[in-house]
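Note that the structure is predicted; figures quoted are calculated from it, not measured.
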Amino acid sequence: MAQTYEFCSERADEAADLAAKATLDNVRDRELRSEKTWRGLAEQARKTIVEREKAEAIRAERRAADAPVPERSVG
């Protein structure tokens with residue numbers, strides 16, 4: 001299942017909150033690792049969105065360039 005940027009960012013924020021509230025070092029460390037991982041996944045999802053948008057723009061430009069020009073009647 002592909003994770004969205006928003007989903008991953010929300011998980012990272014939750015992990016950061018849990019880390020801030022943790023009283024045990026190992027729990028805090030675990031949540032900080034989790035936050036780092038979720039932030040990385042969010043960034044990866046963001047980059048994927050940007051690349052998809054760029055690719056779609058390029059495809060649209062190519063389609064427009066390849067589209068037949070309608071003939072005009074002279075008269």
Side-chain angles (χ1 to χ4, degrees):
M1 176 173 118
Q3 305 295 339
T4 65
Y5 174 80
E6 293 80 14
F7 177 84
C8 294
S9 291
E10 288 171 7
R11 299 296 81 74
D13 292 342
E14 288 175 11
D17 289 342
L18 290 171
K21 295 174 185 174
T23 56
L24 299 173
D25 290 342
N26 62 331
V27 174
R28 183 178 312 104
D29 292 344
R30 180 190 67 209
E31 294 302 332
L32 290 173
R33 285 191 309 271
S34 179
E35 177 191 11
K36 182 178 178 181
T37 299
W38 282 117
R39 297 250 182 251
L41 290 170
E43 181 59 19
Q44 185 177 2
R46 188 196 64 76
K47 286 179 182 178
T48 299
I49 291 167
V50 169
E51 290 302 316
R52 273 192 199 135
E53 289 171 351
K54 285 180 185 177
E56 181 55 37
I58 290 169
R59 285 192 296 272
E61 288 174 11
R62 287 181 183 158
R63 283 192 300 268
D66 292 342
V69 178
E71 293 184 28
R72 294 189 291 174
S73 59
V74 179

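The backbone N or O of A22 sits less than 3.5 Å from a side-chain atom of R28, completing a donor-acceptor pair.
In this view, R33 and D29, R30 satisfy the side chain to side chain contact (heavy atoms under 4.5 Å, CB included) rule, not counting sequence neighbours. Annotation: side chain to side chain contact (heavy atoms under 4.5 Å, CB included) contacts of K21 (sequence neighbours excluded): none. Under the side chain to side chain contact (heavy atoms under 4.5 Å, CB included) criterion, Q44 pairs with L41, sequence neighbours left out.
Between the SG atom of C8 and the CZ atom of R46 there is a distance of 13.0 Å, given to the nearest 0.5 Å. A distance of 13.0 Å separates NZ of K47 from CD1 of I49, quoted to the nearest 0.5 Å.
For residues 5-20, every residue pair satisfying the salt bridge (Lys or Arg N to Asp or Glu O under 4.0 Å) rule, not counting sequence neighbours, is listed here: R11-E14, D13-R39.
Residues E35 and A12 share a closest heavy-atom pair of CG-O, 3.6 Å.
In the hydrophobic clustering, L24 connects to V27, either directly or through intervening members, whenever side-chain heavy atoms lie under 4.5 Å apart.
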Got a list of side-chain donor-acceptor pairs under 3.5 Å for residues 56-69, not counting sequence neighbours?
residue, atom, partner, partner atom, Å
E56, OE1, R59, NE, 3.4
E56, OE1, R59, NH2, 3.0
E56, OE2, R63, NH2, 2.9

